[in-house]
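Atoms considered below: every heavy atom in the structure, side chains included; atoms not considered: hydrogens, waters and symmetry mates. When a ligand or atom number is given, it counts from 1 through the structure's own listing order.
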Amino acid sequence: MRFDVITLFPAMVETLFDHGVMGRAAEQGRLQLVTWNPRDYAVDRHRTVDDRPYGGGPGMVMKVEPVRAAIQAARAAAQPAPVVYLTPEGRRLDGEVAGGMAGMERVILLCGRYEGIDERLIALEVDRELSIGDYVLSGGELAAMVVMDAVARLVPGVLGHAESAAQDAFSAGLLDCPHYTRPEAVAGLEVPAVLLGGDHAAVARWRHREALGRTWRKRPDLLEQRGMSDDEQALLADWRREHND
Ligand code: 9D3
């Protein structure tokens, strides 16, 4: 999958592809990042990309011409792709939105700075608007990085076998079970005995029960949405008895 990112801070976005899962997938050629800086498309002596808002008021607005030229250069560089503007006014990113984007060969992500972009850019060039949640960031770059990370993990081959298996529980609508590694005891806290016993079926049952119990306690909304089989109802009842909950 190819991501084209329109940004005044390309170095910020590029670091995502230098580490971890995203770094490996980029090395393997499964992911591609190309950045486009509106400043490179500004034609005046000072390479101006922002200007004062008509009507007055605080802050600056990103100008149409350099941003539009950057978007058009990105569009022309490869096959057609939707332009997604990162903005707190957009639809909230969730697993469903990310899954839909993971099926695309290419997306163009537009990052705003200052108070945002000139409204006519939205009319002329933007296909979709996406937010990552109800809090205020300083610009679209971090949001674009969150979107790319969440989407890339759903692209076939980006995760290794172990990583995709571990993702199954959550995509099945449950929180994860607890994890432990050596040593067996820390400050008087022991690893649950079932994990030391080597009974793989018992371990799987225990993990499923823990996932149900933790989801019930921390995210009842997820469990409500998903529903439970008769087997799972019994596992959860068991978990609640054990936790006096
Ligand atoms: C504080 C200024 N706000 C009201 C006057 C408007 C505003 C402008 C620009 C608020 C945030 C931003 C920068 N944010 C993003 O570009 C952004 C964002 C976010 O802030 N929260 C959640 N998702 C996103 S996606 C892009």
Check: N/O to N/O below 3.5 Å, does that happen between L130 and ligand 1?
Finding: no
Next item on the list: May I ask you to decide whether D245 forms a salt bridge with R217, counting only side-chain N to carboxylate O separations under 4.0 Å?
Entry: yes
Checklist line | Pair R92 + D134, salt bridge at N-O below 4.0 Å | finding: yes
Which residue supplies the protein heavy atom nearest to [atom], what is that atom called, and how far is it?
atom	answer
atom 23 (N) of ligand 1	I132 N, 3.1 Å
atom 4 (C) of ligand 1	E115 OE1, 4.3 Å
atom 18 (C) of ligand 1	P88 CD, 3.6 Å
atom 1 (C) of ligand 1	V136 CG1, 3.9 Å
atom 14 (N) of ligand 1	L137 O, 3.6 Å

Proximal ligand 1 atoms for [X], defined as those under 4.0 Å from one of its heavy atoms:
X	answer
A143	25 (S)
Y135	19 (C), 20 (O), 21 (N), 22 (C)
Y114	9 (C)
S131	22 (C), 23 (N)

Check: Between V107, V147, L33, L110, which is the residue that forms a side chain to side chain contact (heavy atoms under 4.5 Å, CB included) with V5?
Finding: L33
Next item on the list: Only one of V83, V84, V126 passes side chain to side chain contact (heavy atoms under 4.5 Å, CB included) with I108; say which it is.
Entry: V83
Can you tell me if [X] uses its side chain to pair, donor with acceptor, with the backbone of [Y] under 3.5 Å?
X	Y	value
H243	W239	yes
Q72	A69	no
R106	P80	no

Margin query: Can you tell me which portion of D134 lies within the under-4.0 Å heavy-atom range of ligand 1? Options are side chain, backbone, both, or neither.
Written below: neither
Check: Taking the non-hydrogen atoms of G133, is any one of them nearer than 4.0 angstrom to ligand 1?
Finding: yes
Notebook entry, point to check: Out of curiosity, does L124 fall in the hydrophobic cluster containing L109 (side-chain heavy atoms, cut-off under 4.5 Å, transitive links)?
Noted result: no
Notebook entry, point to check: Around D18, counting heavy atoms of other residues, nucleotides and ligands shown, do more than 12 lie under 6.0 Å from its CG?
Noted result: yes
Check: Given the protein's heavy atoms, is any one of them under 4.0 Å from atom 9 (C) of ligand 1?
Finding: yes
